[in-house]
J.: 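Input: one structure, supplied below.
Note that these values count all heavy atoms, side chains included, but never hydrogens, waters or copies made by symmetry.
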Amino acid sequence: MKAAFLPTGVTAGIIVIIVLAVLLTGDGDFTGAFAAVGAGWLAIHQVSLPISGVRLGVLPILATAAIFAASYHQCKKVARGGLELRDAAQLAAAVVGVPLVMTIIALAVVKDASTVLKIATPNFFQAFAWTIGIHGIAAAFALGRSFWQPYAELLRIPGWGWDALRAARRGGVTLAAAGLAATLALLAASLDDIVAVLEAHHGAAAPLGLTALSLLYLANVVVGVVGVSTGAAITIGEGYISLFGFVPAPVPTVPVLAALPVSGPEPWWPLLMLIPVAAGVSIGQFLHSAALPARQAFSAAACAAVVASAGYFLLAVAAGGALGVFGSATLAPLYGGLFLCGWLLLSSSAALGLLLWMSRRKDRHERRAEVERAIAEALAEEQAREQATAEKPETDGAGPDTSETAQKSGLLALVRQRVPAVPVSVTAIPGAVSKLRKNLPGVSKPDKPEPEVDASSAGEEVSAPAQAAPEADDSGNSATDSAAAKSPDNDDDAVGESRDGKADSAHEGGNESDPQDVPASHGQQKWKIWRRKKDH
């Protein structure tokens, strides 16, 4: 209940202090003190006050924003840990109900004072609607995403909707900051007029009161400047102000209204269109930092533009209204909201598209630099390998394969030229190039030379070992060897033996050959014949 009573109690206390200070400094009686407190509460909630036969509807929205912020923060403290539906409903009812009771009391006090003072009873419906709307919206925002997420999923609201709301808040803050800067610049340019207005009142109380009133109405002027920056025209009484036209009209002598022009449009007024452009750019930057897909980012930008324009519409409605004897002030809520939506949509989409293009281009350059760096490392490694091979002592009498290395380096250079256009991994390029070279069609390994065999000599020598084998073996194996020589399966063995025999005879005849080629026994001859068959 603290979240409900604290904003209401603090606001009522501040109003009482201000009313007492005004009555004490103005030497007035305290007959209408309670009516003044009730009227102040209603004025904070944007309820028009009929006073002395005229209606005052242009009320300071800065005070309304202050009580909105108080309710929002107090309610957010309670809902920070998460609330169930029943608890959230009770919190919202308390946050709205307590100010609503205070509004009813204020209406009753003002109605009772209307019998003795020149003040009429305000509109009950307007008072209830503004009170429920201000505190209800504050409570709804304070509950946060954790409370509304299940209902958003139930209604099938996309996930980027939350990013759109945050982007709209960012755009609204930028819009308010840019509008405030432009308003302060206009006030600085009209400083002489402000000093003249303050000097027209004697004493210290009047200048202080006018200064405080100007601070309260500063937010209203900022909303009007934002409306003019969109291209819409705001009206004050019978006059209007736009970027390309101006019709003067009498206005109240409040220092903050010195920002209004007194002559025709200045040449630099079109620069005010940078205000909505800056807000749109901030929306685009926020959505780009959210790292959403392109389609969702543009959809969120459009949604944020609509939400921010709706916020301006509500503020423009609250900032305008009846201005007593001066007529009425209209800050172009409809046309200003539509024009602002167009500005935000165009500028945010353009900024978002430019940022996406720049980020993708940067990514492409980074990938290309990474690929080129990897290829350079691969080439450096290959050159180091070649240098190590060249410096290695030659043990077998053969130098390094320079042709293979040159061809591999040429293939690497070709890959280096084409790889930036293809996103491939290049960490295994040297091995892949070498393997690809070995498997290229048309490139075959050199076959070993086959020994030439003379058919006639082979035929003559087939029977010689078979006949000599029984005589050469003194260990009793002559029968076995002769049987093996006569079997058809040993024809090839016989041919091999005849070849070995020729080799032996050639060696004995003086031919220089490797002594290791001479078979030491019949088993070794068979083993060599089997190896030759396998090689062929």
Side-chain angles (χ1 to χ4, degrees), residues 1-17 37-38 40-47 59-107 125-155 157 159 161-173 175-176 216 219 286 303-304 307-308 310-315 317-319:
M1 296 302 291
K2 180 181 178 181
F5 282 102
L6 187 60
T8 302
V10 171
T11 304
I14 292 174
I15 293 173
V16 170
I17 293 173
V37 172
W41 175 266
L42 295 176
I44 289 177
H45 289 80
Q46 297 295 316
V47 181
L59 301 171
I61 61 174
L62 185 61
T64 306
I67 195 172
F68 176 88
S71 296
Y72 171 80
H73 286 292
Q74 291 298 322
C75 186
K76 190 175 182 179
K77 287 182 180 179
V78 178
R80 184 173 298 172
L83 295 176
E84 297 294 335
L85 179 60
R86 181 178 180 180
D87 297 334
Q90 292 177 355
L91 177 62
V95 169
V96 176
V98 174
L100 189 60
V101 171
M102 186 64 187
T103 299
I104 295 173
I105 294 173
L107 288 172
F125 177 77
Q126 184 185 16
F128 293 157
W130 277 107
T131 304
I132 294 173
I134 292 171
H135 296 278
I137 294 175
F141 285 172
L143 291 176
R145 181 177 179 177
S146 59
F147 176 78
W148 294 108
Q149 181 66 34
Y151 302 100
E153 294 177 355
L154 184 63
L155 297 175
I157 297 176
W162 301 106
D163 295 318
L165 291 178
R166 289 194 291 268
R169 182 178 61 184
R170 175 71 65 84
V173 171
L175 197 68
L216 287 176
F286 179 83
C303 184
V307 172
Y312 168 79
F313 175 81
L314 293 177
L315 290 176
V317 170

J.: Please tabulate, one pair per line, all N/O donor-acceptor pairs under 3.5 Å involving side-chain atoms of residues 142-149, not counting sequence neighbours.
T.:
| from | atom 1 | to | atom 2 | distance (Å) |
| --- | --- | --- | --- | --- |
| R145 | NE | Q149 | OE1 | 3.3 |
| W148 | NE1 | A140 | O | 3.0 |
| Q149 | OE1 | W162 | NE1 | 2.9 |
| Q149 | NE2 | E153 | OE2 | 3.1 |

J.: Keeping the roles fixed (side chain from S71, backbone from A138), state whether a donor-acceptor pair exists under 3.5 Å.
T.: no
J.: If you compare all heavy atoms of V47 against all heavy atoms of A127, which two are closest, and at what distance to 0.1 Å?
T.: CG2-CA, 3.5 Å
J.: Just verifying a value: how many Å separate I61 CD1 and I44 CD1, rounded to the nearest 0.5 Å?
T.: 13.5 Å
J.: If I take atom CZ from residue R169 and atom CZ from residue F141, how far apart are they, to the nearest 0.5 angstrom?
T.: 10.0 Å
J.: Could you measure the distance from the SG atom of C303 to the CG atom of D163? Nearest 0.5 Å is fine.
T.: 10.5 Å
J.: To the closest 0.5 Å, what do you measure between SG (C75) and CG (L6)?
T.: 12.5 Å
J.: What pair of heavy atoms forms the shortest contact from A43 to L59, and how long is it?
T.: O-CD1, 3.6 Å
J.: Kindly state each residue pair satisfying side chain to side chain donor-acceptor pair (under 3.5 Å) with at least one member in residues 93-105, sequence neighbours excluded.
T.: W41-T103, T103-T131
J.: How close do A106 and G38 get, counting heavy atoms only, and between which atoms?
T.: CB-O, 3.6 Å
J.: State whether the number of non-hydrogen atoms from other residues, nucleotides or ligands found under 6.0 Å of R166 atom CZ is greater than 12.
T.: yes
J.: Pairs under 3.5 angstrom only: tabulate donor-acceptor contacts from the side chains of residues 7-17 to other protein residues two or more places apart or in another chain.
T.:
| from | atom 1 | to | atom 2 | distance (Å) |
| --- | --- | --- | --- | --- |
| T8 | OG1 | A4 | O | 3.4 |
| T11 | OG1 | P7 | O | 2.7 |

J.: Would you name the heavy atoms of Q46 and T64 that are closest together and state the gap between them?
T.: NE2-OG1, 2.9 Å
J.: Considering only heavy atoms from C-beta outward, does the side chain of I134 approach that of H45 to under 4.5 Å?
T.: yes
J.: Is there side-chain contact between L107 and F128, with heavy atoms separated by less than 4.5 Å?
T.: yes
J.: Determine whether W130 and F125 make a side-chain contact, defined as any pair of heavy atoms from C-beta on separated by less than 4.5 Å.
T.: no
J.: Tell me the closest heavy-atom pair linking V96 and H135, and the distance in Å.
T.: CG2-C, 3.9 Å
